[in-house]
Each structure stands twice: as structure tokens, then as C-alpha cells.
Amino acid sequence: MRKKMMFAAFALSIVVVSCSNDNETTPTPDPTAESKFLTTTIDNFSDTNVYSSITYNADMSFKNYTYYQKGSKAGTPIVTTLQYSNDVPTAIITGVRADGTDGTVLYELKSNTEGQVVKVIQKKNLQNNRISDSLFYNDKKYLTEIHHYNKTDIDDTERLTGIEKFTWDNQNLVKVEEEFWQLGVKLAQNYVTTYTYDDKVNPHKTMPKIACLYNQMASGPYLYGKLPYYAYLSQNNPLEIVNTYYSFEPGTGMTGSAAKQTYTYTYAEDDYPITQRYEYIPMGSTNPVEIVTLKYSYIRK
């Protein structure tokens, strides 16, 4: 589980803007920043040699993202491909082949009249469940909640299994709260994750809005596989992510246990990161168990 969370820190991220305060406004795109596109992140400092690459269409719209490992722990690359119709994303294929012919997961996307994805339907699942998510936005077109549902072949009823709530400060995500539901009842345990940022350029902010949430590397249990992805939705780069799990303990009530991820960077003159150093400190510990340094590569268009 810790590895999955570490892997997610290297992966593709997306730009989803939301707000929680009345004085927040829709961000204005920065043409200078958007002319620089992230192409690779690579860890040359460890045995695993994690590597990711992003390819683009001729108009520089996102085409696909590939994640793989080299060295002694090399494995099959994982590819996430976004399909479009009239510039609106209609499907995501994620797995070891970009065309989905190996039985990897296909996500069908349904959008509203403004081009916002409001429904994501997972078409293939090993447990034979039919999983879907509903996405909600406020009147400023900010994503505010994701509701998770599940169906099985035994019972065709769609049941709520979880709700994720996003809190934003201007253009940065500052908190994610995840509730768990079972048979229409909200469970006692939940996750609360907080984020802090630098004031530099997030190289992932030109990525599309939806692909990251539904690629193979972001499909971990609960929030574990998704925490770094959510941080990269923001305008700036994450410095710290603190994930607290709350559960009910007889005799003591609700108690929390926290895990932490920290990030440090070196920057170019234009405030884009050149390297990122990542440390993960698990729940119940004060020492990092994983330390990774990544290098970023870009192209300008």
C-alpha cells in the first residue's frame, strides 16, 4: 500500500478548479506558463528507476501517459489514454495496453452541456461490480464533491459507498474529506487530508481535468493511491500532505492516526521545478520509509 502511494507521487496530474470561499474567483490562464509542457519525470537515483512520460496530440491536447519501472523491479508499463469527441473527453482506457485489448479498465465519461464530466462509469472490473462516480460542481464551475456508487450482478440497486468533499483556497486544494457509506448508513471512520504548497508553477497544471483520477495508478484503496494526484490539481506544488484516518474506539471515541508526505524542489529561473525530493512517513512512525528524487523534463510550444 505504501508503494502504491509513492508511485502515485510520480504520476500524471490534472487541473480541476474548485472553491469553498465566497471571495474566490475563477483563475485566469497564464499563457506563458501554459506554453511549457511536462514530458517526463524520472528517478535516476534508485534501484527501481521509476519513469513516466506524457505524449500529446498535434494541437498539444493530452494523448496518453505511460508509467513504468526500470532496473531490478522492472514491470509492464501502465498506459492511460484519453479519448475525445469534439474536444470533450468521452472515455479513458487504462492498463498495460493503450487500446484496451488486454481487458484493462475502460471508463465511460458523460458530460454536461458545458463540457464538464458529471458521470464516470467503470466498464470492466475483476469483482464483476459496476462502479460509477457522480461529479458535482458549484455555480462557478468548481468541482466540489465526488459520490461513489456500486452495483453487483446479484443486486442491481446502485448503492452509495463513499463521498469525497474538496475544499479550495483560491486555486489550491487545501483539504479532502472522504466519508464511507454502507447500505445507506454513513460509517464512523473517515479520512481527512490537508495540503500545503509553495508559490511556484505546478508543471502538471496543463494536464486535462479527468484522466488522472481514473488511471491505473490512482485506483488504490480509499485515498491511499490518490492523495498526490489530488495535490497536483492545484496551481502550485505540494510541500506537505497529511492524511489522518479517524476511527471509533470503544471507551475512547473517535481517534486519529496520521501519515505524512513531504516534498522539496529545485527550480529553474521561470519557477518551474527541475527536481522533486519526496519523503513518506507512515502512520505511527516519525522516520521516512521512502525517499525518492525525481527529475522533470519539458517542451515549449
Side-chain angles (χ1 to χ4, degrees), residues 7-18 25-45 49-70 77-89 92-94 98 115 117 141 168 170-173 195 197-215 217-218 228-239 263-278 292-301:
F7 291 160
F10 317 142
L12 163 71
S13 297
I14 57 176
V15 182
V16 177
V17 287
S18 175
T25 58
T26 303
T28 301
D30 179 353
T32 302
E34 291 186 351
S35 66
K36 193 170 182 178
F37 292 80
L38 181 66
T39 56
T40 62
T41 59
I42 185 167
D43 172 23
N44 280 325
F45 302 93
N49 224 233
V50 176
Y51 180 86
S52 65
S53 65
I54 301 168
T55 57
Y56 301 89
N57 297 307
D59 62 356
M60 295 309 295
S61 61
F62 170 83
K63 182 177 182 181
N64 58 44
Y65 163 81
T66 303
Y67 169 89
Y68 57 92
Q69 289 183 313
K70 295 180 178 179
I78 297 175
V79 183
T80 297
T81 302
L82 186 61
Q83 297 180 344
Y84 300 87
S85 177
N86 297 322
D87 296 327
V88 176
I92 297 171
I93 297 174
T94 182
V117 175
K141 301 181 180 180
W168 298 77
N170 294 318
Q171 299 178 49
N172 286 333
L173 175 67
Y195 305 82
Y197 299 89
D198 63 12
D199 58 356
K200 308 299 184 182
V201 179
N202 182 350
H204 305 87
K205 72 190 189 74
T206 56
M207 295 298 98
K209 295 181 178 180
I210 199 70
C212 174
L213 288 176
Y214 298 95
N215 75 56
M217 295 310 299
Y229 290 87
Y230 287 175
Y232 290 142
L233 309 184
S234 301
Q235 180 74 10
N236 303 119
N237 300 290
L239 293 175
Y263 303 83
T264 55
Y265 304 88
T266 60
Y267 304 95
E269 292 182 356
D270 58 2
D271 285 344
Y272 275 80
I274 301 172
T275 65
Q276 177 206 87
R277 178 183 170 88
Y278 161 83
V292 178
T293 301
L294 301 179
K295 294 181 179 179
Y296 294 91
S297 298
Y298 304 90
I299 57 173
R300 287 189 178 274
K301 291 289 184 179

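Bear in mind the structure is a predicted one, so any value in this text is a computation, not a measurement.
Taking Asp87 as the reference, nothing meets the side-chain hydrogen bond (donor to acceptor under 3.5 Å, both in side chains) condition, with sequence neighbours excluded. Remark: Thr264 engages no residue in a side-chain hydrogen bond (donor to acceptor under 3.5 Å, both in side chains) (not counting sequence neighbours). For Asp271, the salt bridge (charged side-chain N to carboxylate O under 4.0 Å, His left out) test picks out Lys200, with sequence neighbours left out.
A donor-acceptor pair is defined here as one N or O able to donate and one able to accept, closer than 3.5 Å; such a pair exists between the side chain of Tyr197 and the backbone of Leu173. A donor-acceptor contact shorter than 3.5 Å is absent between the side chain of Thr81 and the backbone of Asn64. In this structure a side-chain-to-backbone donor-acceptor pair under 3.5 Å is present from Tyr84 to Phe62.
Side-chain polar atoms of Thr40 and Ser53 form no donor-acceptor pair below 3.5 angstrom.
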Practice prompt. Just do the ring-ring contact (aromatic ring centres under 6.0 Å, His included) check on Tyr272 and Tyr298 with the steps written out, would you?
Written response: CA-CA 10 Å; Tyr272 275 80; Tyr298 304 90; 5.4 Å; yes
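Atom CZ of Arg277 sits about 11.5 Å away from atom CG of Leu294, to the nearest 0.5 Å. Residue Trp168 holds its CH2 atom at 10.5 Å from CD of Gln235, rounded to the nearest 0.5 Å. With rounding to the nearest 0.5 Å, the separation of CG in Leu239 from CG in Asp199 is 9.0 Å. Between atom CG of residue Leu82 and atom CD1 of residue Ile92 there is a gap of 5.5 Å, rounded to the nearest 0.5 Å.
Judged by the 6.0 Å distance and 45° axis criteria, Lys63 is not positioned over the aromatic ring of Tyr56.
Taking every heavy atom of both residues into account, Ser234 and Asn172 meet most closely at CB-OD1, 3.1 Å. Pro203 approaches Asn237 most closely through the heavy-atom pair CD-OD1, 3.2 Å.
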